[in-house]
Structures are given as C-alpha cells and as structure tokens.
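Reminder, nothing fancy here: chain letters follow the sequence lines and each chain counts from 1.
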Amino acid sequence: MANMELWLSKLNPEQKEAVFENNNPLLVLAGAGSGKTRVITTKIAYCIQELHYNPWNILAVTFTNKAAKEMKDRVLDMLPQEDPSSFNIRTFHSFGVWLLRRFTNEAGLQPGFTIYDDSDSLSLLRTRYSSMTSKDLKPIMKAILKAKDMGLNPYSKGLSELSIEPNIGRFFEVYEKALREVGNVDFADLITIPSRLMDENQNVRDFIQRRFKVVLVDEYQDSNVAQFELLKRLVSPSTFICVVGDDDQSIYRFRGAEIENILSFPNVFPNTKSIVLAQNYRSTSNILDLASSVIKHNSNRHEKVLRTDNGKGSKPQLYYVNDEVDEANKVYSILKRNQNFSNSAILYRTNAQSSAFETLFTKRHIPYKIVGALKFYDREEVKDALALLQLFVNSRDIVNFRRMINKPTRGIGPTSVEKIENFLPSSNGDVFAAMNKAVTQNVLSARCTNSVKTFIATMEESYNMIDEGNLGDGVKYLLDKLGLIQHFMNEDKKNNTFKVENLNSLVNAISEYPSTEKGLLTFLEEVTLDRTKIGLNEEPQEEGVTLITIHNTKGLEFEDVYVAGLEEKLFPNSMSDDEEGIEEERRLFYVAATRAKFNLYLFSAKSRRVWGRMEYDRLPSRFLDEIEEDQVEVIGFPNHKSPSSWDDKASKYLNNRGDYNLLDEKRYTHAPRHGIKHERTKPNIYKNNSNFPEDPSSLIHKGFGVSSKSFEFEKNDDEAVGYNVGDRVNNKEKGEGQIVSSINKNGRKIIEVEYDTGVIAKYIAKYAKFTKI
DNA sequence: ATAAGTGACTTTTTT
DNA sequence: AGTCACTTAT
C-alpha cells in the first residue's frame, strides 16, 4: 500500500488521471519521453493492488519484443511477489500464438503447426507457381502479406492498390489455400485467425472476454488494421480498455500500421476519455526543440508541443564526416572523451551500418552490445536446422521438406522430388507417407530409394532420441547423421566461416528446452517470434555502447545518442521516396532524436560504401536542413558537389565557423582524418577473422552467434560404457551431480543425472558431455 | 545428378 | 557484397 502511494507521488496530474480511470475507454496521447510506460506499469500495479484484479485478468500488448520485455521487467520490479508467468504482457503476435495454442482445434489447426516467416511464405507460393521465379513472386508475396496486415482478404477491393499484379487476388487465394493445406500459419494469421475464431466461436469469445477484464495497448500508433480488429473483439462492454500512443512516433506504416487507429478510437469505443501527456521528463529543451523543428514539417499530424523542466542542456552537434570509417572514428573519439559507454547508443537506419562500428570497436577494445544484429536466425545453416525441426512437428510442411530432402546432396534431385510429391495428394499431404510410398512402389532409382530410406530412418531415430534423452542430443545426432555437420565443416574450411560453431550454438540454445514435442514447439515458436532469442545465448553483455536500429529503440532512452548516416537515400531511405514515406522517415528521425537525455550527436558522411561500392558526393539528409541554424553546433562542412542550396549552406558554415577545422583537429588528435585506407578492415567478420590479430575470442559475445566451443561428436561405445549409477559427474553448464539411473533402450544407454542444484536431466550416454569426478 | 563457374541484380525498417 | 538463376563440364 505504501508503495502505491510512492508510485503515485511520482506522477503528474494527467498521469494520475490516466491511472485512476478504470471505467470508460481511455485514449492516452503521450508524447516522447512523457512517461507513458510508467503510466501503464503503475496502472497495472494499481489494478492489482487497489482494484484487486488478478494478474491473469490483465492483458497488456505492445508491438515489439523489446518493448514487451521492458514493460514486463518494470511491472515485476514493482510487484516482485507476483508470479511472472501469470502476466500476459506480450506482443500482439505472441498473444495470437498463445490463443491459437489454447484453441488449436477450434481454430482448425493441428497441434504441430509452426509459423512461417516471410521467406517461407515465398517458398510456399513458389511451390504453387513453379514456372515463376522467386524474383517475380517476391513483390506479390509482399503485397499479400501487407494486405493481410491490413485486414484484407483475397476478394477485397483495396488489393489492387497494393500491387501492380492484376491477378493479385488469385495469388492471395492460392497462397491461403496452400498455407491451410500445409497446416502452418504466417505472422499475419497470428492476428487474423484469432479474430475470425472469436467471430465464429461463442465459447472462445466468452472465455477470452471473461478472462481479460483489463486490456492495455502500448505503442498503439504502430498497430495495424488487423490488430485493431482483434482488439475490438477482445473487448466486451464490461472490459476496461486503455490504449497509449503518439502519432509522431508511428514508424511501422510499411507493415500496415495505421495512424487512423488512433483517430477512430473514440468512434469505435463510445465515451472514450482522452488524456494528453505533454510533459517530457527525458530530454533537455535543446534536444526537444531540435526534434520539434524537424517533425513540424510533417503535415499529417496532430500539432502538439512538448514541455520540459530539464533545462536547456548542451547544444546538439552535427558532424560532417568523410565516410563511414571516419564516422566511426568520430563517434569513438567522443565516446572515449565522455567515458559513458553504457549510457550511450549509436542509432542507425539500416542494420548493415553497424559493421563499421563493430570493426573499429573490436580493434580498439570498446565494449559494445548490438541489438538485432546481422541475423543469426537468417543464416543458412540455422534455417536448415530449424527446417528439419519444423518437419518433425508438422510432416505436411512441404516448404521445409523441399529445403532439406537433398541437402547436403544425397542423390535426390528435382525429378525424384517430383516423383515423391506425386504421392502427396494420396497421403493427406504427409511428406513422410509420400516418401514411404515412393519407396515401396519402387518408382525411384536404387540409389535414390536408398537415400530416401536413410533420410526417413535418421529422422525417426532422432525423434525417438528426443523422447528418451535431451533435445540437444537428438538434434545433434540428426545434424551429424544427415551429413550437415560434415557439409558445413567443408564449407567452413573453404570460406573461413563458422557455420559448424553456429550450429553448435543452436544446439546449446535448444538444450535448455524440455525434450518433448511441446518443448520443440516452444523453441521454434520463440525463435520465430523473436529472432534475437538465439545467437546471443552466450552471456549477454551488460556494459558497453548500444548499437541499434532506430526501429528497435522505441521506448528506450540513453544519456548520449549518436545518430549515424544522415544522408539522402539512406535516411530518408531511397525506398521511401513518396510523400507518405518521407513523413514516416521524418518520424523516425524524431524518434531517434528524442531518445537522448543529455547529448545528441548527428553524423552525415560525404562518401559511403554502399552495396560494396563506394558512393561519393552524397547529399546530407534533408532533415538536417529542417533544423534551425541556432539549434545545432556544426563541425566540418558538407563539401560535396551539390545543388546550389547546399553550396550556400556550405559557405555559410565556412563563414560562420571558420575555425571548425582547428577545433576538430584539436579535439580529436587521435582520430586520423586521413590515411584511413590502410587501416580499413574487411567489415564481414564471418568471412575472414584474420583481420583481427588481437583476441579473436572477443568476438564471441558480440552477438555473432560464434561459439568458442567446437562441435562435439559422438563418443565411442567404450567411453559411454564408463558411466555407472552412483558416479559423480561434472557438467560445464549445470555443475556437479550424480548418476541416479542407467537403462538400455533401443540399444542406447540412457543415464539420468541428478545435479546438486536439484535439476534432473536425462542423457544418451554416448552424447553426454560431462567428466567423471 | 551435381559441382563449379558466370553473370545479372539487389538495395529498409520487424513480427 | 552477396544472392540467385542459369550454363557448362564432369
């Protein structure tokens, strides 16, 4: 109780009003840094402590995994006595899966359904249009997925605006049919199928509406039409609904986010109470003023002004730099001077921009953590392993069947695959049944038949092992026996890559999950919904500079913010060159600038390596032009051959700040402006780590999915025999324990270890990795 | 059936 | 720079 008073005392009158309203629908329009997450978390605490709701009566959804995690952490900080698993604080998509796993039958799905990502969806569409290339199908697929996010169906009128393909509806229809036949779902289905289910099934609707008495939505400006439709169905007349958002921070239009959702909220939910939070608690006024100057160039927005009592603070600085290497050097110099690594973040528009910073920071031993790095998940070998696991739980998954049936090559070419697939219609779509039929009816060549038999047998063996031992062992066996380890070992040798180590990381990650089909499903679901779940599984870096895309910084704040790559074509990005696109890019800039509490540094390069080519004479971002002259201190100047307006600007800076060069050199004597070329290292560290003479192991925790452990192969039987009941053993991760049972099953020795921590784990002796004490 | 090589082409953000 | 479709040689 006393806590509640303390929390409330930290709120201003508008925030308190938002916490206390618990009857009428509530729309909170919250500017950047106005404490909206604090409002939501306090509101959750208030609902539980004062209004005596149970945690499971509350549903809080947001848009990104990062935001959901942040919110959950903060709620648990306030309510440490509550069981974390009783809270439904999730992303929309994760809530959708939660619902579909609970009502799998009702939704017409099989328990083993998995989630297709966009590239899987494309592969699926390709199976139905075999004469078309994926290049042709890609834009069509993209339009279909966006249509689904917008709540459209194959027969909707609005489809034609999304694609130049006149038959887009037909493609959409075929895709949906294929997806239902396979039995999997795509991301959009995680929203639309629950909506449909609640329309069609009274029981489900009653269950959900009775269960969730309070529904809260954060980052509401990023919700799309499909999500709004779901939201409407979650809310009964007795549900309290509260949404919090800021139209200036809507940055997911490309995925169907609809600012209209905010505008139409009061119409859809009668008696809506609106509260505006305009007091900013994060940034200094110098930073807010700069951000406001830019965002006010957007015409499609609600005019609003943020206040702050934080004082003027230091003036934001704009650095004109030579190229991306120079940019990294400048950032490095300021970071070193400020000595505030853990409270600093480097923000960029595209993930690819991280590499210049990574290269430099690795060389200079600057600690850093990278968010949503070059995706571990997207790596070929990782997707291969995941494909096999998906086949385990859904044997109608033709996409992953095609991916892996002949990889590494085992003599099952396109002709043979087609012969196997001819049996699909008579096998209820089950690829294993089809393979069996192809074998028994002898339609394949002798060699091919043999390969297919081995493939099936290996999958079965591995599946049985999962039942008996631990998940990691079963997967390891599978990858080894199917020849993937050998295949990638050869590739690694040839190309200096780390694919086998990456697979080992994956096996480590998966070992944490229960060794059951459910454990497997949970693992697959978590990695698909949050790609950062794997790859960063070495100890996460606590200290260090944060490298992050602007999209990922929503809801975060840092004392010092460095915004890199403020150049035309990059930011604003050339892909968003229509008016609406530019406005979205401008909102992105606004989000970036308002992450900063004290210091804001902006960077614009004259040249930049793009797609492997050096681009010279790049234009500074138009957003820099929209900053008032007295709002920023300029260092360097944009000395490019450029349109006349920029020549004027350049000379203006020269005249106003004739001493810029001197200042610059004095301040950063250790950052070489010239002669950078010979220092340049190859940005792609996977390919060639010989560029890093010092301490290659320092790459390990940087989120590259590179593990120091080499892949362990099966021990011979002699070694395995050595484990007996009563032996003390030591496992690197789990510590010391004792073997409590040992049985033989299907010719394999299974041992059970009870660790001193109380944890009991089963292993197949051959694959167990511990030492006898 | 497959390895190896060539040439054209791409460009973003996340669930 | 990296991917993908296609060709050529084994």
Side-chain angles (χ1 to χ4, degrees), chain A residues 61-68 90-97 115-119 121-122 126 132-136 138-139 142 145-146 148-149 185-191 219 222-224 226-227 250-257 347-353 355 371-372 374-375 377-380 406-417 444-445 447-448 451 490 494-495 497 525-533 548-554 565 569-577 581 584-585 587-588 591-592 609-615 682-684 686-688:
Chain A
V61 285
T62 182
F63 190 71
T64 62
N65 290 300
K66 223 171 150 36
R90 299 164 173 277
T91 61
F92 264 109
H93 290 92
S94 140
F95 171 70
V97 173
I115 305 161
Y116 272 170
D117 66 18
D118 294 3
S119 74
S121 292
L122 179 60
R126 259 198 96 181
M132 290 177 74
T133 65
S134 61
K135 202 188 106 208
D136 294 332
K138 201 172 180 178
K142 218 176 150 182
L145 292 172
K146 186 158 185 185
K148 290 181 79 168
D149 278 339
V185 298
D186 61 19
F187 278 112
D189 284 336
L190 298 177
I191 311 299
E219 308 288 6
D222 287 326
S223 64
N224 57 42
Q227 288 164 337
S250 169
I251 53 177
Y252 285 95
R253 194 185 63 106
F254 72 94
R255 271 207 61 260
L347 275 50
Y348 36 77
R349 178 67 178 78
T350 65
N351 279 304
Q353 285 170 258
S355 74
V371 177
L374 269 170
K375 290 148 210 157
Y377 173 93
D378 277 341
R379 309 193 67 73
E380 174 197 13
N406 197 32
K407 186 172 182 180
T409 49
R410 50 176 73 92
I412 311 172
T415 326
S416 306
V417 171
L444 307 171
S445 71
R447 181 186 171 211
C448 190
S451 293
N490 296 340
K494 210 163 51 186
N495 309 329
T497 49
E525 198 169 289
E526 288 188 6
V527 298
T528 315
L529 289 181
D530 184 357
R531 298 169 169 210
T532 61
K533 268 259 154 62
I548 191 168
T549 61
I550 299 166
H551 281 90
N552 257 318
T553 62
K554 278 278 279 296
K569 290 185 178 168
L570 181 59
F571 190 14
N573 197 270
S574 53
M575 292 286 92
S576 320
D577 58 0
E584 174 135 317
E585 299 281 322
R587 290 192 293 270
L588 262 177
V591 168
R609 189 168 283 274
V610 186
W611 313 312
R613 292 218 166 278
M614 199 58 160
E615 267 197 18
K682 206 173 178 190
N684 189 341
Y686 300 104
K687 271 284 169 80
N688 189 354

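- Legend: residues meeting ring-ring contact (aromatic ring centres under 6.0 Å, His included) with Tyr252(A), ordered by chain and number and at least two apart, are Phe63(A), Phe254(A), His551(A).
- Taking side-chain N and O atoms only, Ser576(A) has no distance below 4.0 Å to OP1 or OP2 of dT13(B).
- Atom NZ of Lys138(A) and atom C1' of dT12(B) are 11 Å apart (whole Å).
- Applying the side-chain contact (heavy atoms from CB on, under 4.5 Å) test to Val610(A) and every residue at least two apart in sequence or in another chain returns Arg608(A), Glu615(A), Arg618(A).
- Scanning for side chain to side chain donor-acceptor pair (under 3.5 Å) contacts around Asp118(A) gives an empty result, with sequence neighbours left out.
- Separation of atoms NZ (Lys569(A)) and CG (Asn573(A)) is listed at 11.0 Å; rounding is to 0.5 Å.
- Annotation: the span from Phe92(A) atom CZ to Leu190(A) atom CG amounts to 12.5 Å, rounded to 0.5 Å.
- Remark: ring of Phe254(A) stacked against base of dT13(B); centroid gap under 5.5 Å, plane tilt under 30°.
- A distance-only check finds a donor-acceptor pair linking the side chain of Gln227(A) to the backbone of Asn224(A) [under 3.5 Å].
- Rounding to the nearest 0.5 angstrom, the gap separating the CD atom in Glu585(A) from the CG atom in Asp577(A) is 9.5 Å.
- Of the possible donor and acceptor atoms, none in the side chain of Asp530(A) sits under 3.5 Å from a partner among the backbone N and O of Asn65(A).
- As rounded to whole Å, 15 Å separates atom P of dT15(B) from atom CD of Glu525(A).
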Can you check each nucleotide of nucleotides 1-6 of chain B against protein heavy atoms at under 4.0 Å and return B for base, S for sugar-phosphate only, - for none, in 5' to 3' order?
-> SSS---
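- Phosphate proximity of dT12(B) to Asn351(A): absent, as no side-chain N or O sits under 4.0 Å from OP1 or OP2.
- The separation between Lys148(A) atom NZ and dT14(B) atom C1' is 17 Å, rounded to whole Å.
- Separating the CG atom of Leu122(A) from the P atom of dA5(C) is a distance of 9 Å, rounded to the nearest angstrom.
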Can you give the dot-bracket line for DNA chain B, where a pair is Watson-Crick or G-U wobble with both atom distances under 3.5 Å, crossing pairs use [ ], and | marks a partner on another strand?
-> ||||||||||.....
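- Between Lys569(A) atom NZ and dT12(B) atom P there is a gap of 14 Å when expressed in whole angstrom units.
- A close approach under 4.0 Å does occur between a side-chain nitrogen or oxygen of Asn552(A) and OP1 or OP2 of dT14(B).
- At dT15(B), one or more side-chain N or O atoms of Asn65(A) fall inside 4.0 Å of OP1 or OP2 (strictly under the cut-off).
- Rounded to whole Å, atom P of dT13(B) lies 16 Å from atom CZ of Arg253(A).
- For Asp118(A), whose side chain is taken as the heavy atoms from C-beta onward, the closest listed nucleotide among dT15(B), dT12(B), dC6(C) is dT15(B).
- Between Lys135(A) and Lys142(A), the residue anchored closer to the 5' end of DNA chain B is Lys135(A), taking for each the nucleotide with the nearest heavy atom.
- The phosphate of dT13(B) has neither OP1 nor OP2 within less than 4.0 Å of any side-chain N or O from Arg587(A).
- Here Phe571(A) pairs with Phe623(A) under the ring-ring contact (aromatic ring centres under 6.0 Å, His included) rule; sequence neighbours left out.
- When the P atom of dT12(B) is taken as reference, atom CZ of Arg349(A) falls 9 Å away, rounded to whole Å.
- Atom OH of Tyr252(A) and atom C1' of dT14(B) are 5 Å apart (whole Å).
- Of the candidates dC4(C), dT13(B), dT15(B), the closest approach to any side-chain atom of Ser134(A) belongs to dC4(C).
- In terms of phosphate contacts, Ser94(A) brings no side-chain nitrogen or oxygen within less than 4.0 Å of OP1 or OP2 of dT15(B).
- Judged by distance alone, the side chain of Thr553(A) and the main-chain N or O of Ile550(A) form a donor-acceptor pair under 3.5 Å.
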